[in-house]
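What follows is a single structure, written as structure tokens, with notes after it.
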Amino acid sequence: MNHACKVEIVTDAIKLDSIVKLLDEVGVSGYSVIKDVIGKGTRGIRGDDGLTELFKNNYIMIVCNEKEMNTIVEAVCPIIHKFGGICIVSDVIQRIGRTQSNPPNPRD
Amino acid sequence: MNHACKVEIVTDAIKLDSIVKLLDEVGVSGYSVIKDVIGKGTRGIRGDDGLTELFKNNYIMIVCNEKEMNTIVEAVCPIIHKFGGICIVSDVIQRIGRTQSNPPNPRD
Amino acid sequence: MNHACKVEIVTDAIKLDSIVKLLDEVGVSGYSVIKDVIGKGTRGIRGDDGLTELFKNNYIMIVCNEKEMNTIVEAVCPIIHKFGGICIVSDVIQRIGRTQSNPPNPRD
Amino acid sequence: MGIDFQLILSNLSHPPILFFFLGMIASFVKSDLKIPEPLPKLFSLYLLLAIGFHGGVELRKTGISHEVVYALSAALFMAVVVPIYAFFILRIKLDVYNSAAIAATYGSISAVTYITAVTFLQTLGIEPGGYMVAALALMEAPAIVIGIVLARLFAPKTEDNEFSWGEVFKEAFLNGSVLLITGSLLIGVISGEEGWDTLKPFTKDIFKGMLSFFLLDMGLLAAKRIGDLKSAGFFLPPFAIIVPVLNACMAIVIGRLIGLHPANTFMFAILSASASYIAVPAAMRLSLPEANPSLYVPMALAITFPFNITVGIPLYYYLIAKTNKFIPVLLEIP
Amino acid sequence: MGIDFQLILSNLSHPPILFFFLGMIASFVKSDLKIPEPLPKLFSLYLLLAIGFHGGVELRKTGISHEVVYALSAALFMAVVVPIYAFFILRIKLDVYNSAAIAATYGSISAVTYITAVTFLQTLGIEPGGYMVAALALMEAPAIVIGIVLARLFAPKTEDNEFSWGEVFKEAFLNGSVLLITGSLLIGVISGEEGWDTLKPFTKDIFKGMLSFFLLDMGLLAAKRIGDLKSAGFFLPPFAIIVPVLNACMAIVIGRLIGLHPANTFMFAILSASASYIAVPAAMRLSLPEANPSLYVPMALAITFPFNITVGIPLYYYLIAKTNKFIPVLLEIP
Amino acid sequence: MGIDFQLILSNLSHPPILFFFLGMIASFVKSDLKIPEPLPKLFSLYLLLAIGFHGGVELRKTGISHEVVYALSAALFMAVVVPIYAFFILRIKLDVYNSAAIAATYGSISAVTYITAVTFLQTLGIEPGGYMVAALALMEAPAIVIGIVLARLFAPKTEDNEFSWGEVFKEAFLNGSVLLITGSLLIGVISGEEGWDTLKPFTKDIFKGMLSFFLLDMGLLAAKRIGDLKSAGFFLPPFAIIVPVLNACMAIVIGRLIGLHPANTFMFAILSASASYIAVPAAMRLSLPEANPSLYVPMALAITFPFNITVGIPLYYYLIAKTNKFIPVLLEIP
Ligand SMILES: Nc1ncnc2c1ncn2[C@@H]1O[C@H](COP(=O)(O)O)[C@@H](O)[C@H]1O
Ligand SMILES: Nc1ncnc2c1ncn2[C@@H]1O[C@H](COP(=O)(O)O)[C@@H](O)[C@H]1O
Ligand SMILES: Nc1ncnc2c1ncn2[C@@H]1O[C@H](COP(=O)(O)O)[C@@H](O)[C@H]1O
Ligand code: NA
Ligand code: NA
Ligand code: NA
């Protein structure tokens, strides 16, 4: 089924390139990145110090279908276990974009 | 029904003003904007170059009810088809704010 | 039940410290913060002026279980009523991180 | 009046002021010119550091004379009296919270107004005493505390349990701008002439360029905030001009009575006339969230600040020149 | 040719140009060196302010002579003619939208190219007339309007109801860089020598350092954009070199015909040869979203800009020196 | 000892050091003073560019003498030896990953420590050789590679397939700060005296002001990181002072043995004593994510850096002055 999902990843800014490469391999139609994200997790507080990017996270959001979602989640898992961060998946009930006609709205 | 939704829009930073105007016309109670968003989509990679805002996106989030959501989605559609970007709608199960009493939690 | 939720809070940047303190008291496993958020709500337009942080919001996202979610929502409520902002809760269908084994996927 | 007019003109044709106008015009014609965050912060931190350091070096030269003590006492006096009298004027039309916040705004000072006034004096070949920077630092915080005290005294009692005096004092006396200017002043005092030679090209030579750049941004900001004043009614805009002029006049009289040098009286007047649009609003937003920042910020930033740097500076200068001989000096400085 | 080669070398060993190369190399070896946002913006705002202000002060000295009027007319002429002829050349291979956008890019100018050329002249001990900064400001906007007009005229009609001429003119004539340079020019004219003395350490002394820093970033950016040109085919890269040289030659002939001083003809040539990678792309993205910014931005930024500052500057200088005596002066400046 | 104490005092009353203390104090009293991102980056890029360029211009003047070759060899020697011996000391208490990361941190250098030491010498009227900047550039990278090699050799083998030597070398030798300082050095060599005159107001005159501003931020940062050290136990804080002093002593002996000028020996000592808190941590986080950045960053930033710029600089200077005559010169520079 072509149902749309949203995958959200927060992880160490240094791994952005790896994740982007990974998404390109999966062949997702697009992604969005917010660069200045701070936070707290198992590795303690990560607060940007303005000088280095050592304690900075990135937020990556991918809207995709369920199949892509599964591939992404699988591929991102080892990065998150090694470098930390979090990845969540949630439901999208409507999607508008150039790439895809709107998927059937699950509400209808 | 007064069910709450979340509309998320990522589009070219240059269209922020148009979308804000549009939201004001719809009469939503509020919105939030994150300015420095980069990403990839049908128009290739959009990574900010620090000098111009040419390759920058904005992220706009609107929490609203279903009726407003439908109006917004309809109005945003042509902008996204012309200037690119993505717009997704998802479910909100609880909402707290000054404007509105919490909608009935669908879980209850 | 150990179901995962996402709590999203947008509120005055000045209250970040209070909310972080509050989250630490609740004992959530982590949170993420995006600092430069502008927007509009009951208190009018809040657009950063580059000089002061007077008209700036923060976005805070917490992935947690339902019990934590209820505690957070309750604790955040008075801050939002006094200082403005919005707080929404939505469903997470899958969660990957160091802290917790993936909760049972509600789809399965 | 002739000389006054020429003073205004010469002040207005000074590059920093012209850049302020350029910023206002850019904003009015809706140009997309903007100085992106955090560049304005860079300029404002620079100006505080430079003015504090300069003041410290000067203070080291003069030492703590009687005049210094008199001037600082007068500064403290104004910083306490202004927010109190302003509060009661404002209560005529406004609720307790907004009155307290606006009163604090006008009781405190604006460092950029001070700096612009210094460059005005310098073009006339006059250099104010370095210790006036200490007066500046001294006048920033008290109004914050007084504003909050007034609000607590007169507001209806509620179960407001979030409030902490510790936080209020921290916000007032340890806020970034107070700390940076006081610290730089001390560094100037400690490192003296030798330190001055080290930093002069940075803190002195490029100073007016940095000020111009910053005033360009202040112009953009001020013009942007003018729109917010629509909700301010007919009472507040005149307040934002009359009270500063009144404060300046009080300062001029006091300065003369205690025998300050006219240049220092002028600086004292401009400090008293100026209103805070950075430190005080930040503190008010935290401690008096019930007050509306769309009132107190645009009043200070979009009315009082432009008024002071364009008309106020030459006006206060003119007043001092004209009135000096009619006011007796009460305290002959030993 | 010998002298040309030496000119190129001496131009290339100039620190700002060397920093440009350093930036390109850093990008090619995939170093993580970067100048984070909004610092490039700080440098570009600074350069516009400084060059505008300097030009204004100079203009005040010379006044509006006949040569000024001639030069500005010639500038306007080029700003109108270039985008039109470029458009029809581009239509051979490209669709209407991309042709219009690229034509506008090459019809407009690049302030940093201008600035680099000024520092080149200065090392030779020559100072161009301050009014050439006015020519710069004048040549920025018209191409934007012409590009959009061309697209409207030749594009297939659709129910495009979003378009507004008001916005086009605003983008063209009130964009940040036009406004800042024009405003600073006026401030220079108003404040004159006295203002110059005030701001000189800021606008003049540290100028080449700021330029070096900025060109470091431009090198990083230019190299990053080169990859985008893969999709540009075989037509556009040569276009991005030939058309600038052609424009420079036209300017050289025109400059001589109307009797401009060679230094000013040189500046006119470099303006004509340069292409916009800030103001025009911003306007095009809004008004002609159908055009592909991955074509017009890298052409201007990754080919024309490096070509002009490395080879173009000494080349045009050499051409003027060689051809000057063969072209008659039509308009004897009174 | 008397002279040492006075040296410490005179070093401490130098404005840049005073601004460092101001930053620490602001952080301790929990002031909201902060230098928002990316302004610290602006200052650090500026300092690297300026120091590299200055060094290059000086190097051009002196040429590559025997002393240069000796000094650079000694620098390379220390950059290799220090991380190795430090690793084995650290293994007493720590696991392989953290030992390797901290060893690399102390094997590499801190450019700001170097710069602060240069300004200390300059106030004494001494100018170190420009080539010591080349030593700085040379000592930044090797420790990164050695740290990672050590970790690979001694860590338990796992199916770690993400690791790539290419990336390690890129991180080590092409990281932004190495590239900027090396590139600026080369630009200094190429453009020489003429280039120096062009950039001097930017790279020299405002240098100490920019350094002061940056040290203000370093003070804020250092104080903020001290809290992280709670988890560091009793072993690491003394390590962060003793090992730098040890390295300085080794450098002082080596410098004398190979006959370096005392000023250059001093710079060599301060380089050896300094620890990296930018380049190395960035590389370690990527290549050894198992190591805890909350150990190696605060050690370098919150202990070693403040120690070096306050006590270390005068101490190493004093040691050189006192020991010089007791150590024989082995290599007489031809
Ligand atoms: N439960 C959570 N909710 C939101 N963000 C989280 C959560 N856990 C971790 N993060 C984000 O992921 C980053 C790295 O997490 P960690 O590797 O666990 O330290 C943190 O700094 C947060 O920004
Ligand atoms: N599938 C997607 N998921 C997340 N963001 C997207 C997606 N597609 C597009 N975007 C965002 O929208 C921007 C413009 O998309 P486009 O117009 O398709 O190039 C991209 O640069 C991304 O930031
Ligand atoms: N309906 C909404 N959707 C998204 N963000 C909102 C909404 N309402 C308020 N906000 C955010 O919360 C901030 C403060 O809201 P308020 O206190 O209502 O002015 C606004 O500036 C917005 O960033
Ligand atoms: Na006042
Ligand atoms: Na052109
Ligand atoms: Na070292």
remark   = Which of E/Thr198, E/Leu49, E/Ile187, E/Leu199 passes side-chain contact (heavy atoms from CB on, under 4.5 Å) with D/Ser212? Answer is E/Leu199

Which portion of D/Pro38 sits near chain E, non-hydrogen atoms under 4.5 angstrom = both

task = Select one option (side chain, backbone, both, neither) describing which atoms of E/Ser184 are under 4.5 Å from chain D's heavy atoms.
result = both

Side chain, backbone, both or neither of E/Tyr46 within contact of chain D (heavy atoms, under 4.5 Å) = both

ask   = Do the ring planes of D/Phe43 and D/Phe213 sit parallel (below 30°), tilted (30 to 60°) or perpendicular (above 60°)?
value = parallel

inquiry  = Is D/Glu37 in contact with chain E via its backbone, its side chain, both, or neither, using a 4.5 Å heavy-atom distance?
reply    = backbone

inquiry  = Does any backbone or side-chain atom of D/Phe19 lie under 4.5 Å from a heavy atom of chain E? Answer side chain, backbone, both or neither.
reply    = both

key: Any side-chain donor near an acceptor of the partner, E/Tyr277 and E/Thr105, under 3.5 Å   = no

key: Residue from E/Leu211, E/Leu215, E/Thr123 passing side-chain contact (heavy atoms from CB on, under 4.5 Å) with E/His14   = E/Thr123

key: D/Phe202 portion near chain E, given a 4.5 angstrom heavy-atom threshold   = neither

request  = Could you label the plane-to-plane angle of the E/Phe169 and E/Trp165 rings as parallel, tilted or perpendicular, counting under 30° as parallel and over 60° as perpendicular?
outcome  = tilted

